[in-house]
Amino acid sequence: DAKTTQPPSMDCAEGRAANLPCNHSTISGNEYVYWYRQIHSQGPQYIIHGLKNNETNEMASLIITEDRKSSTLILPHATLRDTAVYYCIVRGTTGNQFYFGTGTSLTVIP
Amino acid sequence: GAVVSQHPSRVICKSGTSVKIECRSLDFQATTMFWYRQFPKKSLMLMATSNEGSKATYEQGVEKDKFLINHASLTLSTLTVTSAHPEDSSFYICSARLMDGTGSNSPLHFGNGTRLTVT
């Protein structure tokens, strides 16, 4: 599975959009991009995933570049409860396992 | 939907004893479940893949005799930490994926973890 690179930490003002980038330059054609977040001392929470089209759900939007080498998770109106570590994972449909990188620690500031 | 329940949430045991952690998929069947371990301020590390009705597959460096995995049904996998030592103290997290056909891209769903402290 392709490796991902994320900035170690980011801040965002409450009420503003949080844009979390992820680089996956070695992604292959059948690999999906998944985003999870983990609030302290809890299990990871699934947010969204996509292959090449942009995706949106009630939690967030996922923007994948045309060459699929990078993506951005957008939390449109960040709240204090969005403070967490966000993980970007790339995984193909033939592989079973999800391997976590180091993630981005997002702090939403009042 | 896709709820994964893990029990217990917290356990303290004495060195040398064994501890069993249960992972259940509450509203779906999971032929495969996954066990992770997480140390403070670190990312999740995949330990093993639990396969219903067959042996678990362990990641490199994970001792299979130390971390016994049993996946006896489509909704239950257990992880037993045998002869626990203080260095086994960690946050253990299980996960499962709804299998909706070959080549599924459905996401993993995680339990809320078990905090193990070995004294």
Side-chain angles (χ1 to χ4, degrees), chain A residues 1-9 22 27-53 55 57-60 62 64 68 73 84-107, chain B residues 1-7 9-10 21 23-25 30-52 56-60 62 90-117:
Chain A
D1 290 338
K3 290 190 175 180
T4 60
T5 305
Q6 299 176 252
S9 63
C22 180
I27 194 171
S28 61
N30 68 344
E31 290 182 316
Y32 284 73
V33 180
Y34 297 78
W35 282 85
Y36 286 81
R37 71 180 182 186
Q38 185 180 28
I39 296 169
H40 183 61
S41 294
Q42 295 182 23
Q45 178 189 22
Y46 165 74
I47 301 173
I48 200 167
H49 74 286
L51 180 64
K52 54 183 177 181
N53 297 322
E55 302 286 345
N57 63 20
E58 64 279 3
M59 290 183 68
L62 172 61
I64 302 174
R68 304 210 319 122
L73 179 75
V85 178
Y86 287 76
Y87 295 98
C88 165
I89 299 168
V90 170
R91 181 192 150 271
T93 54
T94 52
N96 226 354
Q97 289 80 4
F98 283 63
Y99 294 100
F100 282 74
T102 53
T104 296
S105 178
L106 174 69
T107 302
Chain B
V3 176
V4 176
S5 174
Q6 197 170 334
H7 179 81
S9 59
R10 191 177 291 270
I21 302 169
C23 180
R24 294 180 186 273
S25 55
T31 54
T32 306
M33 292 185 177
F34 305 89
W35 288 94
Y36 291 81
R37 179 169 56 181
Q38 186 175 33
F39 291 107
K41 299 190 185 300
K42 299 293 185 183
S43 185
L44 284 79
M45 185 191 80
L46 179 65
M47 299 175 67
T49 302
S50 170
N51 304 299
E52 187 267 336
T57 305
Y58 290 81
E59 295 295 304
Q60 191 172 8
V62 178
S90 189
F91 191 50
Y92 293 87
I93 311 168
C94 73
S95 64
R97 185 160 65 94
L98 173 64
M99 299 301 290
D100 51 8
T102 303
S104 170
N105 61 62
S106 57
L108 278 187
H109 296 278
F110 288 81
N112 262 335
T114 296
R115 176 77 56 194
L116 170 63
T117 303

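A note on names: the letters A, B, ... follow the listed sequences, proteins ahead of strands, and every chain is numbered from 1.
Heavy atoms closer than 4.5 Å to chain B are found in both the backbone and the side chain of A:Ser41. Interface residue B:Leu108: backbone and side-chain heavy atoms are both found under 4.5 Å from chain A. Contacts of B:Leu44 with chain A are made by both backbone and side-chain atoms, with heavy-atom separations under 4.5 Å. Contacts of A:Gln38 with chain B are made by side-chain atoms alone, with heavy-atom separations under 4.5 Å and no backbone atom involved. Residue B:Gln6: no heavy atom, backbone or side chain, is found under 4.5 Å from chain A.
Side chain to side chain, A:Tyr86 and A:Arg37 meet the donor-acceptor criterion of an N or O pair below 3.5 Å.
The ring-ring contact (aromatic ring centres under 6.0 Å, His included) search around B:Phe110 returns A:Tyr36, A:Phe100, B:Tyr36, not counting sequence neighbours. Judged as a side chain to side chain donor-acceptor pair (under 3.5 Å), and not counting sequence neighbours, B:Glu52 has no contacts.
Atom CZ of A:Arg91 and atom CG of B:Asn105 lie 7.5 Å apart (nearest 0.5 Å).
Close placement of the A:Phe98 and A:Tyr34 rings is indicated, their centers lying within 6.0 Å of each other.
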